Amino acid sequence: MFYNIPGMSVAANELSRQLISEAFREDGLLKSVIAGYEYRPEQAQMAEAVWQTLSDGGILLVEAGTGVGKSMAYLLPATVLAASSGRRVVISTYTVNLQEQLVSKDLPSLNKFWEKQGIAINWDLVKGRGHYLCLRKFNRRYDQALKQTDLFSYTKPEEDLIKELKALIDSSSVAALPPADPWSEPEDTYLAYEGSATHPDGSFPRDPAGEADTGPRDELPTSTSTTGRWDGDVDKLEIKLPPGLWSEFSSDTESCMGAKCPYRTRCFYRLARSSLDKCHILVVNHALLVSDLRLRVETNGNTRLLPAYDTLIIDEAHHFEPVVREHLGASISSWRLKRLAGDTLREARSESLARFIGKKQVDSLKDTLEGAINSLETILDSLLRQVKSRESEKARLTQRAFIDEKLVNALREVAATVNTWLNYDLTQEERFEVSSLRRRFTELANELDEFNSLEGDGVDTVYWVERASAGGTRADALRSCPLEVADYLEENLWSELRSAVLTSATLTVGKMKPFDYVKSALGLESAGELKLGSPFQYEEQACLCVPEDSRCYDPNSPDFLEYVARVIPQIADLTLGRCFVLFTSYKAMDRVVQSIKDTLEAKGFPVLKQGDGSREALLSEFKRLGNAVLFGVDSFWEGVDVPGDALSCVVVVKLPFSVPDDPVVQARSELWESQGRNPFRSYFLPKAALKLKQGFGRLIRTKTDRGAVVILDPRIATRDYGKLLLESLPPARITTELEDIARAVNPPSRPVTSDHRP
C-alpha cells in the first residue's frame with residue numbers, strides 16, 4: 001500500500017514513480033497481466049510524465065504517436081493514484097470504442113495486478129441519462145398507446161414494439177434502491193449529485209483504518225443476454241427501436257420528477273449511478289463531461305451529473321474543443337416543437353384533464369400548435385434556401401427579426417393556457433407534467449427571442465440554420481454556439497482541477513511551438529508539453545507519394561477531378577486494391593466514383609462508398625473482401641482501424657482545409673481578423689495539419705504493417721505552407737513516382753497472392 005498523495009513524502013512519491021517505471025520494462029508487471037505485451041520506451045516515458053503531473057499537480061499535454069499505447073500509459077498512473085490516496089480520476093474519451101476498450105479490456109487487465117496486492121480498484125463506464133429508459137414516461141405512454149393523438153400517433157409496428165418492450169421491462173425486475181442513498185435530487189427536473197460521501201477534492205472517505213471505502217462494482221445487471229434482465233440501457237436493448245420512438249421513453253431532465261417520482265427506487269438511471277460514489281475510475285465521454293460542467297456552472301456548483309473529482313484525463317483530446325462549443329450552444333428544431341406539441345395534446349386528452357377541458361378547447365389548442373409547427377417549418381425552409389450545396393448543409397444567420405412574432409406569442413399563449421390547468425384537481429404527477437410543459441413552452445419562446453435578436457453575433461456567438469436528419473426524420477434546426485471556449489474552460493474547468501492530462505495522437509502542428517494551436521483553443525497557455533514519436537519505423541514501413549504530374553493541376557479546377565479519376569485506377573493496380581480514398585467533399589466523391597466504378601470493378605477491385613451503408617458495415621466488408629477500394633468523406637479520416645494487408649494505401653485527394661463559408665469558421669475568421677490575427681495561419685492551416693495527420697494515421701496500425709500514403713493535392717509540394725504540413729506527418733520516405741508505391745506495399749520479401757500484380 002502506498003501513501004496519501006496530497007503532501008506525500010518524497011520517499012513515498014519516489015516509490016510510486018519506481019513502480020510505474022518498472023511496470024513498463026520488458027519483464028515488468030504489465031507483461032504478467034497483458035497477453036502479448038511489448039516494451040515501448042515511448043509508453044514508459046509517457047507514463048512517468050503522467051504520474052509526475054498527477055502527483056505534483058498541474059496540466060500536461062501529451063501527443064503520443066500511433067502505437068505508443070497511451071491508454072495504458074495513463075491508466076496505470078491513474079490506478080496508482082487511486083490505490084495510494086483514494087482520489088477519483090475521471091477519464092473522458094470521444095469514441096464509444098475507446099470507452100469500451102478501457103472498461104472491458106485495459107482496466108480489467110490492470111486489476112489483476114492490484115488484486116495480487118490485495119487492493120480493489122473500482123471503475124465504471126458512465127453514460128448520459130438519454131441512454132436509459134424512464135419507467136414513469138414509459139408507463140404513461142404505454143397506458144396511452146392506443147389513445148392516439150393526431151400529431152404523434154403510433155403505427156401498428158410501433159405498438160408491437162412498445163408491447164414487446166413492456167414484456168421485457170416486466171420480466172427485468174431489479175432490486176430497488178434503498179430509500180436513502182447519496183443521490184439526492186431536488187424537486188426540479190435535474191438529477192443532482194448532492195450530499196456526496198466524497199470530499200470536495202474528490203477523494204474517498206476513510207474508515208478508521210485509513211483505507212479507501214471501496215466496494216463491489218458489479219452488483220447491477222449488465223445485459224439481457226448475460227443475466228436475463230435488462231438494465232434500461234438502450235445500448236444493451238436487443239429490441240431495435242427507431243430513434244424517434246426511443247426518445248418517447250428515454251430519461252431526460254425535462255421529465256424527471258426527482259425525489260417525487262413514484263418509480264424513484266427502481267429508476268434505471270439512478271440504479272446505474274448508485275455505485276459511482278465507490279468508483280476510483282469513471283470513464284465518460286466528452287459530451288457528458290461538458291454537460292456536467294455546464295450544469296455546475298449554471299447552478300453555481302449546486303447540481304452536477306458526476307461525483308466530485310479533481311483529477312481529469314482527456315483522451316482523444318483533439319476533439320474536445322468542438323464538443324465544448326457544441327454543448328454550450330442551443331438548438332431549435334421543428335422536431336422539438338412537434339414532440340412538445342404531441343406531449344401537450346396527449347396530456348390534454350388524458351382522463352384527468354379531459355374532465356375539465358372540453359373537446360372544443362382541445363381542438364383549438366391543436367390548431368394553435370399545428371399553426372406554430374407550420375410557421376417554424378416555413379421559417380426553416382426559407383432560411384435553408386441559402387444552403388447552396390451538400391457540402392456544408394448550413395447557412396449563417398445574419399438578418400435579425402427573421403422569426404414572426406406571432407410564432408413566439410403563440411407559444412407564450414400556449415404556456416399561459418397550460419398554466420391554467422394547474423387550477424384543476426390533479427395528482428402530484430399530473431401537476432408535474434403540466435408544470436414541465438409550461439416551462440418547455442416558455443424556454444422555447446425565450447430561445448426563439450434570442451435567435452431573433454442574434455445577440456452577441458460575431459462577437460462571442462454565431463448563429464446558423466442547418467439541414468439535418470435524425471433516424472430518417474428531418475431535423476432541420478436553428479443552431480448557435482460560442483465562438484471561443486478558452487476563457488470558459490480556464491475559468492470553470494482547469495482552475496478547479498488539481499491535475500489534468502490531455503492526450504491524443506494528433507495535438508501538434510509543425511516543429512516550431514507545435515502545441516500552440518491546441519493551447520490557444522483550450523485556454524492552456526501554461527500547460528506542460530510532451531511530444532512522443534511512434535515506435536513504428538515509418539521510414540521502412542511507409543512511403544509518402546506526391547505524384548509529379550499532380551503539379552500540373554489546380555485542385556480547385558474541374559480538370560483536377562478528371563486527373564483524380566485517371567490516377568486512382570493506376571494506384572489500385574499498384575496496390576492490388578486495398579485502398580482508402582479520402583475526399584473532403586461528397587459532391588467530388590460521388591462524381592469520381594460514378595466515373596471509375598465500372599473500371600475498378602472490371603479490374604477485380606470491389607468499390608465501397610460512404611453513404612451506401614453504415615461505417616461499421618462498410619469497414620467489415622472492406623476487411624472481408626481484402627482487395628476493395630473504399631471511398632470516404634470526413635468520418636473515415638480518423639477512428640478507423642484496419643491493421644494488416646486489407647488496407648495498404650491511403651489516398652488523400654485534397655488537403656483537408658475547413659470549408660471557408662461554414663458559419664462557425666466564417667464568424668471565427670471575422671473575429672480573428674478584427675483582432676489582427678491571420679485566420680489562415682491561426683485556424684485553417686493547423687486544423688488541416690491535424691486532419692491530414694489523422695488521415696495518414698489510418699495506414700500503419702502495427703509494427704508489421706506496410707503501405708503508402710498518396711497525396712494528390714499538389715499544394716503540399718508547391719505552397720510555402722506545405723513544409724509545415726509535411727513536418728506534422730510521420731517521417732515516411734517521400735517520393736514523386738507512383739511506381740514506388742508498389743515496392744512500398746509489396747516488397748520483394750512479401751509474396752503477392754493476387755492475380756493483379758504490379
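If you're wondering where the values come from, they're calculated on a predicted model, not measured in any experiment.
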Run the salt bridge (Lys or Arg N to Asp or Glu O under 4.0 Å) check on Arg681 and Asp720 step by step: do they pass? CA-CA 12 Å; Arg681 295 287 174 180; Asp720 62 341; 3.3 Å; yes
Report the C-alpha distance between Arg396 and Glu670 in whole Å, list the side-chain angles of each, state the deciding distance to 0.1 Å, and finish with yes or no for salt bridge (Lys or Arg N to Asp or Glu O under 4.0 Å). CA-CA 13 Å; Arg396 187 177 175 188; Glu670 292 172 1; 3.1 Å; yes
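Atom CZ of Phe605 is separated from atom CG of Leu625 by 12.5 Å, given to the nearest 0.5 angstrom. Interatomic distance, Cys545 SG to Leu738 CG, rounded to the nearest 0.5 Å: 5.0 Å.
With respect to the salt-bridge test (charged N to carboxylate O, under 4.0 angstrom), the residues Lys31 and Glu38 do not qualify. Contact check on Lys609 versus Asp590 returns a salt bridge, with a Lys/Arg side-chain nitrogen under 4.0 Å from an Asp/Glu carboxylate oxygen. Look at Asp634 and Lys691 and you find a salt bridge, because one of the NZ, NE, NH1 or NH2 atoms lies within 4.0 Å of a carboxylate O, short of that distance. Note on Glu466 versus Arg479: salt bridge recorded, some NZ/NE/NH1/NH2 to OD/OE distance being below 4.0 Å. Glu638 and Arg698 are not joined by a salt bridge, as no carboxylate oxygen comes within less than 4.0 angstrom of a charged side-chain nitrogen. With respect to Lys687 and Asp662, no salt bridge is recorded, no charged nitrogen being found less than 4.0 Å from a carboxylate O. Salt-bridge check for Arg701 with Asp641: passed, with a basic side-chain N closer than 4.0 Å to an acidic carboxylate O. Using a 4.0 Å cut-off between charged side-chain N and carboxylate O, Glu321 and Arg325 make a salt bridge.
Evaluated for a side chain to side chain contact (heavy atoms under 4.5 Å, CB included) with Val290, the options Val485, Asn285, Val323 yield exactly one hit, Val323. Ile596 pairs with exactly one of Leu600, Asp598, Val593 by the side chain to side chain contact (heavy atoms under 4.5 Å, CB included) rule, that one being Leu600. Tested against Thr508, the residues Glu529, Lys693, Lys513 include a single side chain to side chain contact (heavy atoms under 4.5 Å, CB included) partner, Lys693.
Remark: aromatic rings of Phe580 and Phe622 are close, center separation under 6.0 Å.
Contacts classified as ring-ring contact (aromatic ring centres under 6.0 Å, His included) and involving residues 637-668 (residues at least two apart or in different chains) are given here: Phe657-Phe680, Phe657-Tyr721.
Judged as a salt bridge (charged side-chain N to carboxylate O under 4.0 Å, His left out), and not counting sequence neighbours, Asp516 has no contacts.
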